[in-house]
Colleague: 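Sharing a structure below in C-alpha cells format, with a few things to ask.
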Amino acid sequence: QVQLVESGGGLVQAGGSLRLSCGVSGRASRFPTMAWFRQAPGEERQFVAAARLGHTYVADSLRGRFTISRDNAKNTMYLQMNSLKPEDTAVYYCAAGSPILSSLSDSSMYNNWGQGTQVTVSS
C-alpha cells in the first residue's frame, strides 16, 4: 500500500537549519504532486511547499528560507529549512496526490499523508 514516512525533525535553536525527508513507497511518479504541510497545536494545517511536474512552489511567507526538492530516483522529497524561527515550530507532514495547480495549497486535495515529524525551534 501507499506509505509516506517523514524524518529529520528535531530541536534546533532560532537561526539554525534542518532538512526534512519524505520517503515514498513505490514509484514517486505515481504521485504527480508532493507537498509539505505543517500544523501547530490549536492551529489549522498550513501549506508549506509543493513539487509538481518538475516545478516547485513555496508559500509566500516562507520563500527565501525554505526550499523543496524531489528526487524521483530515490523516491524521496526534501524540505530544506534555513534561518528557522520559533514560529516555525510545528508537526511537519508529507503529502501526495493529484491536485490541480490552483488547489496546490489545499490540504483536502491530498489523499496520502505521512505520520508527521516534529520540528521545535527554541528562542
Colleague: According to a hydrophobic-cluster definition based on side-chain heavy atoms being under 4.5 Å apart (Ile, Leu, Val, Met, Phe, Trp, Tyr only), do Val121 and Phe66 belong together?
Modeller: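 The answer is yes; both residues are in one hydrophobic cluster.
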
Colleague: Does this structure show an ion pair linking Arg63 with Asp60, if we count only N-O contacts that are shorter than 4.0 Å?
Modeller: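 Salt bridge: yes.
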
Colleague: Check whether any side-chain heavy atom of Leu79 sits under 4.5 Å from a side-chain heavy atom of Thr67, and report yes or no.
Modeller: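 The answer is no; the side chains never approach within 4.5 Å.
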
Colleague: Less than 4.5 Å apart, side chain to side chain, heavy atoms only: is that true for Gln115 and Glu6?
Modeller: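 SC-SC contact between Gln115 and Glu6 confirmed.
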
Colleague: Please check if Leu62 and Val12 belong to a single hydrophobic cluster, counting links between Ile, Leu, Val, Met, Phe, Trp and Tyr side chain heavy atoms closer than 4.5 Å.
Modeller: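 Same hydrophobic cluster.
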
Colleague: Check for me, please, whether Val58 and Tyr92 land in the same ILVMFWY cluster - side-chain distances under 4.5 Å, paths through other members count.
Modeller: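 As far as the 4.5 Å side-chain criterion goes, Tyr92 and Val58 are connected within one cluster.
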
Colleague: If you round to the nearest 0.5 Å, how far is CG of Asn75 from CZ of Arg70?
Modeller: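 So the gap between those two atoms works out to 8.5 Å.
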
Colleague: Indicate the atoms forming the closest heavy-atom contact of Gly8 with Leu18, along with that distance.
Modeller: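 Heavy atoms only, the tightest pair is O-CD2, 3.8 Å.
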
Colleague: In Å, rounded to the nearest 0.5 Å, how long is the span from OH of Tyr57 to CG of Leu101?
Modeller: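 Tyr57 OH to Leu101 CG: 4.5 Å, rounded to 0.5 Å.
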
Colleague: Of Thr89, Thr117, Asp88, which meets side chain to side chain donor-acceptor pair (under 3.5 Å) against Arg38?
Modeller: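 So, applying the side chain to side chain donor-acceptor pair (under 3.5 Å) to Arg38 and each of Thr89, Thr117, Asp88, only Asp88 qualifies.
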
Colleague: Can you check whether Trp113 reaches Ser107 side chain to side chain, under 4.5 Å on heavy atoms?
Modeller: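 Of all side-chain heavy-atom pairs linking Ser107 with Trp113, at least one is under 4.5 Å.
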
Colleague: Does Met77 reach the side chain of Ser21, with side-chain heavy atoms less than 4.5 Å apart?
Modeller: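 Side chain of Met77 against side chain of Ser21, heavy atoms only: no contact under 4.5 Å found.
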
Colleague: For the OG atom of Ser123 and the CD atom of Glu87, what is their distance to the nearest 0.5 Å?
Modeller: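 Going from the OG atom of Ser123 to the CD atom of Glu87 covers 10.0 Å.
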
Colleague: Between atom SG of Cys22 and atom CE of Met34, what is the distance when rounded to the nearest 0.5 Å?
Modeller: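 So the gap between those two atoms works out to 4.0 Å.
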
Colleague: Cation-pi between Arg45 and Tyr93: NZ/CZ under 6.0 Å from ring centre and within 45° of the ring axis?
Modeller: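 Yes, Arg45 and Tyr93 form such a contact.
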
Colleague: Could you walk me through whether Ser17 and Asn82 satisfy the side-chain hydrogen bond (donor to acceptor under 3.5 Å, both in side chains) test, starting with their C-alpha distance in whole Å, then the side-chain angles of each, then the deciding distance to 0.1 Å, before giving a yes or no?
Modeller: CA-CA 4 Å; Ser17 299; Asn82 299 324; 3.0 Å; yes

Colleague: Which value, rounded to the nearest 0.5 Å, describes the distance between Arg19 atom CZ and Met81 atom CE?
Modeller: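 If we round to the nearest 0.5 Å, Arg19:CZ and Met81:CE are 11.5 Å apart.
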
Colleague: Tell me the closest heavy-atom pair linking Thr33 and Pro99, and the distance in Å.
Modeller: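 Smallest interatomic distance, heavy atoms only, reads CB-CD, 3.7 Å.
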
Colleague: Going from CG on Leu20 to OH on Tyr78, what distance comes out if it is rounded to the nearest 0.5 angstrom?
Modeller: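 If we round to the nearest 0.5 Å, Leu20:CG and Tyr78:OH are 12.0 Å apart.
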
Colleague: Does the ring center of Phe37 lie less than 6.0 Å from the ring center of Tyr110?
Modeller: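 Yes: the rings meet the under 6.0 Å criterion.
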
Colleague: Is there a path of hydrophobic side-chain contacts, each under 4.5 Å between heavy atoms of I, L, V, M, F, W or Y residues, that connects Phe47 with Trp36?
Modeller: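 No, it is not one cluster - the side chains of Phe47 and Trp36 are not joined through contacts under 4.5 Å.
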
